[in-house]
Amino acid sequence: MKLARAFAALVIACLAVLGCIQAVTLEVKEGNSTCIKAELSASFSITYNTSSSTRTVQVPLPDSATVDSGSSSCGTDDSSPWLVAAFGPGHALRLSFATDGSQYSVATLALQYNLSDSSYFPDANSSEVVTVVSTSVGIWATINTTYRCMSPTTFRVDGATVTFSAMRLEAYMPGNDLSPTESVCMADKASTTAPTTTAATTTTAAPSPAPPGTPERGTYSVNNGNGTVCLLAQMGLQFNISYVSKSQNKTVQDLVNLTPNLTSSSGSCEASRATLVLTQEQTTTLSFTFTLNSTTSRYHLSGIALLANWSDMTAPFSVSNIGLDYLRSTLGRSYMCNAEQTLVVEPTLSLNTFRLQVQPFGVTTNQFATAEECQMDQDQMLIPIIVGAALAGLVLIVLIAYLIGRKRSHAGYQTI
Ligand SMILES: *[C@@H]1O[C@H](CO)[C@@H](O)[C@H](O)[C@H]1NC(C)=O
Ligand SMILES: *[C@@H]1O[C@H](CO)[C@@H](O)[C@H](O)[C@H]1NC(C)=O
Ligand SMILES: *[C@@H]1O[C@H](CO)[C@@H](O)[C@H](O)[C@H]1NC(C)=O
Ligand SMILES: *[C@@H]1O[C@H](CO)[C@@H](O)[C@H](O)[C@H]1NC(C)=O
Ligand SMILES: *[C@@H]1O[C@H](CO)[C@@H](O)[C@H](O)[C@H]1NC(C)=O
Ligand SMILES: *[C@@H]1O[C@H](CO)[C@@H](O)[C@H](O)[C@H]1NC(C)=O
Ligand SMILES: *[C@@H]1O[C@H](CO)[C@@H](O)[C@H](O)[C@H]1NC(C)=O
Ligand SMILES: *[C@@H]1O[C@H](CO)[C@@H](O)[C@H](O)[C@H]1NC(C)=O
Ligand SMILES: *[C@@H]1O[C@H](CO)[C@@H](O)[C@H](O)[C@H]1NC(C)=O
Ligand SMILES: *[C@@H]1O[C@H](CO)[C@@H](O)[C@H](O)[C@H]1NC(C)=O
Ligand SMILES: *[C@@H]1O[C@H](CO)[C@@H](O)[C@H](O)[C@H]1NC(C)=O
């Protein structure tokens with residue numbers, strides 16, 4: 001029993017070490033030309049139910065994984081390119097890609113697993129084929145370059161996690177082989193420019209500066225060529241950013257508020273794409289890209305990019321993700337979220353938004369249209385209703401108890 005457990009621990013430890021995970025090469029072709037190529041190692045951590053408990057297993061992407069040519073494709077004008085790697089009986093790793101012409105990114109990361117496979121999922125009490133999906137992955141690169149990330153990077157995909165390592169990947173390929181120019185991921189950059197980062201952050205509890213408090217709410221807008229307002233936004237913005245600090249000579253995690261009265265807004269409005277660019281004093285440029293799906297008449301925040309050159313940074317900070325799916329709403333409505341919301345852009349950057357209202361499409365008469373509110377606001381409005389209902393229930397119970405009590409005591413008098 002003990003031996004088995006030690007062996008399991010060894011297998012897991014082994015999986016965690018790079019060399020032990022198998023590297024696979026996957027290629028999607030159309031005719032004779034390759035459009036997606038990936039060399040990577042992947043492992044999945046999956047939690048499932050047995051009849052008596054829940055169990056978590058580590059499943060590596062085996063080197064027997066093959067590209068499923070039926071569901072993989074190079075994409076067309078209307079559909080995204082897909083790389084689907086199938087393995088075992090009904091398991092698959094799926095990646096879809098998106099591009100804006102200058103960058104490409106992983107738009108969807110999905111994992112499909114078949115709980116009937118008892119070699120991976122012993123004693124599972126279900127035989128379902130489960131698919132979990134994430135649409136904010138943060139893998140992106142300049143077009144005609146190869147995305148490279150040697151560091152292990154973990155993505156949460158619903159209840160499961162996917163860890164990639166030793167990854168080289170390209171979509172929308174100009175040739176049949178990976179481009180020699182590479183877009184290196186942040187994790188690799190951090191580990192080469194600051195090799196002591198992890199040691200420093202785990203061993204010393206550096207005195208962190210006082211948190212900056214809730215940011216002030218700014219009002220921003222974008223004008224059309226002819227001067228009419230086409231995009232409206234109001235929000236308080238806070239960066240949660242990790243960069244290499246000049247003064248502390250290590251990677252720091254910092255919270256920084258955007259100051260509205262030092263910030264100017266610009267941008268552009270097109271039929272199905274609107275951009276809001278916020279610039280603070282030549283040192284910070286933050287852009288939001290909204291996309292409208294004209295078939296469904298729904299829009300969402302699809303991209304965030306930040307370029308920052310702050311005085312304490314050893315190098316300018318640049319992060320962008322065009323595969324996001326936040327702030328979903330309907331054409332002709334605005335999107336509102338008074339509660340604090342966190343928009344994760346990349347592991348090194350997330351944005352906290354406060355008292356947010358935006359309308360990137362269909363603005364008329366310089367005013368916000370009716371708002372669709374985020375779930376958090378709706379939940380917060382529910383609390384007083386629930387409390388009120390509970391109080392009303394309590395009053396009713398007391399009243400009924402009182403009435404029953406009175407009736408009983410009347411009955412009591414009659415028998416005497
Ligand atoms: C693919 O390559 C083969 C052999 O090089 C050639 O015969 C064939 O015509 C090519 N097909 C296309 C679609 O280019
Ligand atoms: C396990 O079972 C519980 C209770 O039925 C359910 O809520 C949970 O989602 C299940 N977990 C998985 C991973 O299927
Ligand atoms: C599987 O087990 C969980 C508890 O571990 C239980 O809640 C669930 O109902 C079971 N599902 C089936 C299909 O038996
Ligand atoms: C799931 O696994 C079972 C047993 O290995 C197999 O019979 C079944 O066809 C698989 N399902 C899919 C969708 O491949
Ligand atoms: C990418 O490379 C292809 C072929 O070399 C070229 O036609 C295209 O313009 C390049 N795209 C960019 C954005 O550089
Ligand atoms: C301004 O341009 C937009 C489209 O570019 C148009 O819909 C709108 O009517 C124009 N407004 C005025 C006042 O010309
Ligand atoms: C900032 O980001 C870090 C790492 O992602 C997270 O642990 C922390 O809770 C975040 N802080 C705030 C205030 O959002
Ligand atoms: C920063 O840290 C590195 C590694 O700890 C060290 O080699 C370097 O001298 C330090 N630089 C400064 C300016 O303190
Ligand atoms: C910006 O606003 C703050 C507080 O509201 C004020 O103290 C500061 O003077 C303002 N700065 C400018 C440049 O207007
Ligand atoms: C619009 O939404 C539909 C339905 O969700 C989807 O099939 C389609 O691909 C979307 N179009 C674009 C351009 O994203
Ligand atoms: C960043 O700021 C420093 C001074 O603060 C300046 O010397 C440098 O040129 C800036 N870098 C970029 C890329 O703008």
Side-chain angles (χ1 to χ4, degrees), residues 46 48 59 65-66 68 70-71 73 75-82 84 86-92 94 96-100 105 107-108 111-124 126-131 133 135-136 138 153-156 186-187 190 197-198 201-202 208-215 236-243 251-258 270-273 289-303 306 319 321-325 328-331 339-354 361:
I46 299 168
Y48 67 99
V59 176
T66 54
D68 176 5
S71 48
S73 83
T76 63
D77 285 347
D78 300 323
S79 67
S80 311
W82 279 94
V84 179
F87 59 103
H91 312 302
R94 304 166 194 275
S96 80
F97 297 87
T99 183
D100 66 356
S105 68
T108 320
L111 176 64
Q112 173 187 317
Y113 52 93
N114 181 354
L115 290 171
S116 331
D117 181 357
S118 57
S119 62
Y120 284 155
F121 309 107
D123 309 324
S126 155
S127 53
E128 272 178 275
V129 176
V130 180
T131 301
V133 180
T135 52
S136 70
T153 317
T154 299
F155 301 92
R156 178 155 282 287
M186 277 293 167
T197 300
T198 45
T201 46
T202 49
S208 51
T214 307
L237 274 171
Q238 185 175 66
F239 301 103
N240 186 349
I241 184 171
S242 133
Y243 62 89
T251 304
V252 294
Q253 183 88 38
D254 210 356
L255 284 176
V256 177
N257 289 347
L258 190 79
E270 291 158 41
S272 62
R273 197 182 148 90
T289 302
F290 296 88
T291 307
L292 173 70
N293 183 328
S294 50
T295 331
T296 56
S297 289
R298 292 190 55 82
Y299 65 83
H300 67 277
L301 174 62
S302 58
L306 174 68
V319 145
N321 188 340
I322 56 165
L324 302 176
D325 187 12
R328 289 186 290 263
S329 186
T330 311
L331 180 63
E340 178 180 351
Q341 238 187 150
T342 299
L343 314 178
V344 177
V345 184
E346 282 268 305
T348 51
L349 174 71
S350 52
L351 293 183
N352 297 327
T353 67
F354 300 80
F361 299 102

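Owing to the predicted nature of the structure, the values given are computational and were not obtained by experimental measurement. Atoms within each ligand, like the ligands themselves, are counted from 1 in listed order.
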Trainee: State the CG-CD1 distance between Leu349 and Ile241, to the nearest 0.5 angstrom.
Mentor: 5.5 Å

Trainee: I need the minimum non-hydrogen distance between Ser302 and Phe290, along with the two atoms involved.
Mentor: OG-C, 4.2 Å

Trainee: Note the single closest protein heavy atom to atom 11 (N) of ligand 7, along with its residue, its atom name and the distance in Å.
Mentor: Asn240 ND2, 2.8 Å

Trainee: Compute the ring centroids of Tyr113 and Phe121, then answer whether they are less than 6.0 Å apart.
Mentor: yes

Trainee: Among all protein heavy atoms in this structure, tell me which lies nearest to atom 5 (O) of ligand 10, with the distance rounded to 0.1 Å.
Mentor: Thr296 CG2, 4.1 Å

Trainee: Is the shortest N/O to N/O distance between Asn114 and ligand 4 below 3.5 Å?
Mentor: yes

Trainee: To the nearest 0.1 Å, how far is atom 4 (C) of ligand 7 from its closest protein heavy atom, and which atom is that?
Mentor: Gln253 NE2, 3.9 Å

Trainee: Can you report which non-hydrogen protein atom sits closest to atom 13 (C) of ligand 7, along with the distance?
Mentor: Leu255 CD1, 3.7 Å

Trainee: With a 6.0 Å cut-off (strictly less than), is the heavy-atom count around CD of Glu340, excluding the residue itself, greater than 12?
Mentor: yes

Trainee: Nearest protein heavy-atom contact for atom 14 (O) of ligand 4: which residue, which atom, what distance?
Mentor: Gly90 CA, 3.4 Å

Trainee: Could you pull out, from Asp78, Asn293, Thr295, the option with a heavy atom nearest to atom 12 (C) of ligand 10?
Mentor: Asn293

Trainee: Would you say Val59 and Phe87 make side-chain contact, with heavy atoms under 4.5 Å?
Mentor: yes

Trainee: Backbone N or O of Thr348 within a donor-acceptor pair of the Ser242 side chain at under 3.5 Å?
Mentor: no

Trainee: Would a 4.0 Å cut-off, counted as strictly less than, catch a protein heavy atom around atom 7 (O) of ligand 10?
Mentor: no

Trainee: Please confirm whether Asn352 comes within less than 3.5 Å of ligand 7 when only nitrogen or oxygen atoms on both sides are compared.
Mentor: yes

Trainee: Keeping Gln112 on the side-chain end and Gly90 on the backbone end, is there a donor-acceptor pair under 3.5 Å?
Mentor: yes

